[in-house]
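Source: prediction; values computed, not measured. Computed over heavy atoms, backbone and side chain alike; hydrogens, waters and symmetry mates excluded.
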Amino acid sequence: MPLGEVAGAFGVALVLATVVEAVLEYVLGTWFLPLANNATRQKVVMAVGLVVGIALALSYQVDILAALGLAPSIVGQIVSGALIGRGAD
């Protein structure tokens, strides 16, 4: 796989992770969890980030594993989504 395609896939994942992080911090941090203790807040942000990351990866068909040369699959998209969501923590 050409290096440009690999870099493009990682770039898309990085942008999506940044968007998820910004939205979660704004929405959860400002509106829903300002008084929650730190441990509870972190767990909620991680769980919501995981769900949103997977949803975005499936919606936009982001597959980092396919960019690395593996066969494109739904599993690759879910793994990519988990990585995107993890960037939100």
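Taken together through direct or relayed side-chain contacts under 4.5 Å among Ile, Leu, Val, Met, Phe, Trp and Tyr, V44 and V51 form parts of separate hydrophobic clusters.
The side-chain contact (heavy atoms from CB on, under 4.5 Å) test applied to L56 returns L16, V20, V52, Y60, not counting sequence neighbours.
Here the side chain of D63 pairs no donor or acceptor atom with the backbone of I74 at under 3.5 angstrom.
In plain terms, the two heavy atoms of I84 and G53 that are nearest each other are CG2-CA, 4.0 Å. In this structure, A9 and A67 approach most closely via the heavy-atom pair CB-CB, 3.4 Å. When all heavy atoms are compared, the tightest approach of P72 to A66 is CA-CB, 3.9 Å.
For the atom pair L50 CG and I78 CD1, the distance stands at 10.0 Å (nearest 0.5 Å). With values rounded to the nearest 0.5 angstrom, Q77 atom CD is found 11.0 Å from I54 atom CD1. With rounding to the nearest 0.5 Å, the separation of CG in L68 from CD in E5 is 12.0 Å.
Using a 4.5 Å cut-off on side-chain heavy atoms (C-beta onward), F10 and V15 make no contact. Counting heavy atoms from C-beta on, the side chains of V79 and I64 never come closer than 4.5 Å.
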